[in-house]
> 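Below you'll find the structure I mean.
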Amino acid sequence: MGVSEKLFEAAQRVLPGGVNSPVRAYRAVKMAPRFLTRADGAYVYDEDGGRYIDYVCSWGPMILGHNHPVIREAVERAVKDGLSFGAPTRREVEMAELMVELVPHIEMVRMVNSGTEAVMSAVRLARGATGRDKIIKFEGCYHGHSDCLLVNAGSSALAGGRPSSAGVPEDIVKHTLTAQFNDLGSVEALLAQYPEEVACVLVEPVAANMGVVPPAEGFLQGLRGLCDRYGALLVFDEVITGFRLGTGGAQAYYGVRADLVTFGKIIGGGMPVGAYAGSRALMEQVAPCGGVYQAGTLSGNPVAMAAGLAQLQYLQEHPEVYAQIDGYAERLASGMREIAARAGVSAAVNQTASLLSPFFAAGTVGSFAAAKGSDLDRYASYFAGMLQNGVALAPAQFEAMFVSAAHGEEEFERTLEAFERVVRSFC
Ligand SMILES: *Cc1c(COP(=O)(O)O)cnc(C)c1O
């Protein structure tokens with residue numbers, strides 16, 4: 001038995017499922033997870049001496065690659081001055097100013113500690129600001145694990161086979177309405193049914209927790225129009241897409257304005273950070289200015305802000321990063337399509353910017369239903385095969401592959417070689 005397997009046994013005695021977040025347990029691929037010791041550039045290293053090209057990238061934050069010196073040094077400097085004060089600091093202001101400068105249509109930001117907290121708080125603000133209770137979300141989109149959003153959720157809430165969660169009272173989720181991603185009609189039907197009751201439409205502008213499913217042409221614009229018509233706020237959950245589709249996020253990428261935007265992952269540079277943002281008029285309804293209460297002992301933590309600020313500043317100063325990672329993902333996606341086609345294996349490879357995911361499915365995958373209909377057993381074999389060939393992917397179909405600036409030509413070639421070997425083994 002390897003070291004990871006032994007650690008996993010020990011872990012399962014003291015941590016539920018051996019992990020602190022369900023997807024890490026590898027249940028969707030029916031294996032024991034790798035226990036990692038360190039990560040550097042495009043690679044992660046495990047307890048058993050293995051080295052893997054990493055496309056998990058901590059689920060998105062490590063857009064510059066692991067252990068980037070600029071971020072590490074910013075953290076090292078910050079640590080010397082103390083870990084937490086529970087008082088305002090200069091870096092929080094600089095971080096918010098930079099976000100307001102880079103992201104369209106936001107004027108104020110509130111920092112929190114996770115994506116979950118960011119979306120939960122944005123929904124509370126949307127309800128407080130509109131005086132309405134209902135919200136519309138999409139089946140297969142994931143917005144963190146707060147009660148009212150654990151309805152028909154994506155990511156590991158889905159891979160675990162439970163569309164929702166035990167412990168969430170019916171009374172709490174009765175205001176959460178679920179529509180279909182890329183189906184404006186399903187949204188309009190709900191708005192028409194509850195014309196004055198919907199506080200917000202909450203969406204991942206690129207669905208990335210059902211695997212990657214890009215928005216259909218006109219879908220996001222259509223949501224904007226429907227929200228305007230029915231007086232609902234449009235909330236973009238950009239916990240993945242923020243600073244990944246470019247420094248302006250999905251609003252800039254698709255040219256659609258959102259009323260509230262949530263962030264996480266990249267803005268923390270690998271530290272636990274989330275944020276929600278919007279117009280001054282909306283954000284000033286948050287405590288202590290307004291009646292929507294939201295607080296956090298460690299919010300705006302100085303070390304976390306140092307990491308996040310360093311990463312965002314780097315991205316601002318190096319816009320070429322986006323052309324590089326998007327180009328890599330685009331070439332990888334088309335390489336994978338060609339290899340699969342040559343081998344006669346049905347695969348739909350979806351890609352937007354530096355997000356991509358292959359589905360083992362016959363047709364295109366433009367909806368949650370299509371994503372769910374893909375061959376999950378084949379994904380599990382694919383995952384295991386790639387790992388054996390030195391490539392670490394998300395251990396579940398309903399996740400994205402993340403490309404970082406540390407992924408270069410060597411990693412590109414090796415990834416496609418591995419893909420070819422694995423796909424050929426399916427024939
Ligand atoms: C990861 C994620 C979240 C939750 O963020 P956590 O930091 O894990 O709480 C929310 N929304 C989306 C779109 C995510 O991908």
Side-chain angles (χ1 to χ4, degrees), residues 60-61 78 84-132 135 143-149 199-205 233-244 247-251 257-269 271-313:
S84 179
F85 317 132
T89 61
R90 177 188 298 270
R91 273 189 221 108
E92 294 164 90
V93 185
E94 291 174 359
M95 174 98 165
E97 283 174 346
L98 184 56
M99 291 173 70
V100 166
E101 181 187 337
L102 294 174
V103 179
H105 311 299
I106 66 171
E107 295 175 312
M108 297 184 108
V109 183
R110 169 59 63 85
M111 303 295 171
V112 293
N113 303 289
S114 68
T116 294
E117 236 188 293
V119 188
M120 174 184 84
S121 308
V123 167
R124 183 179 303 148
L125 173 55
R127 286 171 159 163
T130 57
R132 299 172 171 191
I135 60 171
H143 302 290
H145 65 88
S146 68
D147 281 356
C148 74
L149 299 175
C200 66
V201 174
L202 169 64
V203 68
E204 288 181 73
L233 300 180
L234 180 58
V235 184
F236 275 5
D237 180 352
E238 298 222 47
V239 171
I240 283 182
T241 52
F243 296 92
R244 173 145 309 260
T247 52
Q251 292 189 95
R257 178 179 60 83
D259 298 295
L260 290 170
V261 185
T262 60
F263 299 93
K265 298 188 171 120
I266 288 177
I267 67 161
M271 299 290 282
V273 181
Y276 59 108
S279 67
R280 182 174 315 282
L282 279 175
M283 294 304 290
E284 283 193 337
Q285 300 192 39
V286 175
C289 300
V292 176
Y293 190 73
Q294 187 272 307
T297 301
L298 294 173
S299 295
N301 172 272
V303 183
M305 289 294 105
L309 186 58
Q311 178 142 285
L312 298 194
Q313 281 169 341

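Position 1 is the first residue of the sequence; numbering continues from there. Quick caveat, the model's predicted, so the values are computed rather than measured.
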> Taking all heavy atoms of Gly144 and all of Thr116, pick out the closest pair and write down the distance.
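Closest approach of Gly144 to Thr116: CA-OG1, 3.3 Å.
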> Is there a side-chain contact (heavy atoms from CB on, under 4.5 Å) between Val273 and Met305? Walk through the geometry before answering.
CA-CA 8 Å; Val273 181; Met305 289 294 105; 3.8 Å; yes
> If you look at every heavy atom in Gly268 and Ala307, which pair is closest and at what distance?
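Looking at all heavy atoms of both residues, the shortest contact is O-CB, 3.5 Å.
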> What distance separates Met271 CE from Gln311 CD, expressed to the nearest 0.5 Å?
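If I round to the nearest 0.5 Å, the distance is 12.5 Å.
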> Working to the nearest 0.5 angstrom, can you tell me the gap between Ser299 OG and Glu117 CD?
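It comes to 5.5 Å.
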> Determine whether a donor-acceptor pair (N or O, by modelled atom type, separation under 3.5 Å) exists between the side chain of Arg110 and the backbone of Ala287.
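Flag set: sc Arg110 to bb Ala287 pair under 3.5 Å.
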> Do Gln294 and Arg124 have a side chain donor and acceptor closer than 3.5 Å?
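Result is no, nothing qualifies.
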> Which value, rounded to the nearest 0.5 Å, describes the distance between Ile135 atom CD1 and Arg127 atom CZ?
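The CZ atom of Arg127 is 5.0 Å from CD1 of Ile135, to the nearest 0.5 Å.
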> Side chains of His143 and Met120: closer than 4.5 Å at any heavy-atom pair?
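Side chain of His143 against side chain of Met120, heavy atoms only: no contact under 4.5 Å found.
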> Are Glu94 and Leu98 side-chain neighbours, meaning at least one heavy-atom pair lies under 4.5 Å?
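Of all side-chain heavy-atom pairs linking Leu98 with Glu94, none is under 4.5 Å.
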> Where do Gly300 and Thr89 come nearest, in terms of heavy atoms and distance?
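Heavy atoms only, the tightest pair is O-OG1, 4.4 Å.
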> Of the non-hydrogen atoms in Leu102 and Phe243, which two are nearest, and what is the gap between them?
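In terms of heavy atoms, the two residues are closest at CD1-CE2, 3.8 Å.
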> Does some side-chain heavy atom of Tyr293 sit less than 4.5 Å from a side-chain heavy atom of Val286?
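The answer is no, as the side chains (C-beta and beyond) never meet within the 4.5 Å cut-off.
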> What's the separation between atom OG1 in Thr262 and atom CD1 in Ile267, rounded to the nearest 0.5 Å?
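Nearest 0.5 Å value for the OG1-CD1 distance: 9.5 Å.
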> Can you name the nearest heavy-atom pair linking Ile266 to Gly242, along with the distance?
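Minimum heavy-atom separation between Ile266 and Gly242: CD1-O, 3.7 Å.
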> Measuring from atom CG of Leu309 to atom CE of Met99, what distance do you get when rounded to the nearest 0.5 angstrom?
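Atom-to-atom, Leu309:CG and Met99:CE are 10.5 Å apart.
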> Do the side chains of Met108 and Val100 get nearer than 4.5 Å, heavy atoms only?
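Side-chain contact under 4.5 Å: no.
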> Check whether any side-chain N or O of Thr130 sits under 3.5 Å from a backbone N or O of Ala126 as a donor-acceptor pair, and report yes or no.
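Yes; at least one donor-acceptor contact below 3.5 Å.
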> Measuring only between side-chain heavy atoms, which start at C-beta, is Leu202 closer than 4.5 Å to Val119?
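Side-chain contact under 4.5 Å: yes.
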> OG1/Thr297 to CG/Asn113 distance, rounded to the nearest 0.5 angstrom?
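Reported to 0.5 Å precision, the distance equals 8.5 Å.
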> Within the distance-only criterion (no hydrogens, no angle test), does the side chain of Glu107 pair as donor or acceptor with the backbone N or O of Arg280 below 3.5 angstrom?
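Judged by distance alone, yes, a pair lies under 3.5 Å.
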> Identify the two heavy atoms, one from Ala78 and one from Pro302, that lie closest to each other, and give their separation to 0.1 Å.
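Heavy atoms of Ala78 and Pro302 come nearest at CB-O, 4.2 Å.
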> Side-chain contact test, heavy atoms from C-beta onward, threshold under 4.5 Å: evaluate it for Tyr276 versus Leu125 and give yes or no.
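A side-chain contact exists here, since the closest heavy-atom pair is under 4.5 Å.
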> Does Gln251 reach the main-chain N or O of Ala258 with its side chain, forming a donor-acceptor pair under 3.5 Å?
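Yes, because the side chain of Gln251 sits within donor-acceptor range (under 3.5 Å) of the backbone of Ala258.
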> How about Leu282 and Leu233: do any of their side-chain heavy atoms sit closer than 4.5 Å?
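A side-chain contact under 4.5 Å exists here.
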> Is the shortest heavy-atom distance from the side chain of Asp259 to the side chain of Val235 under 4.5 Å?
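They are not in contact (no side-chain heavy atoms under 4.5 Å apart), so the answer is no.
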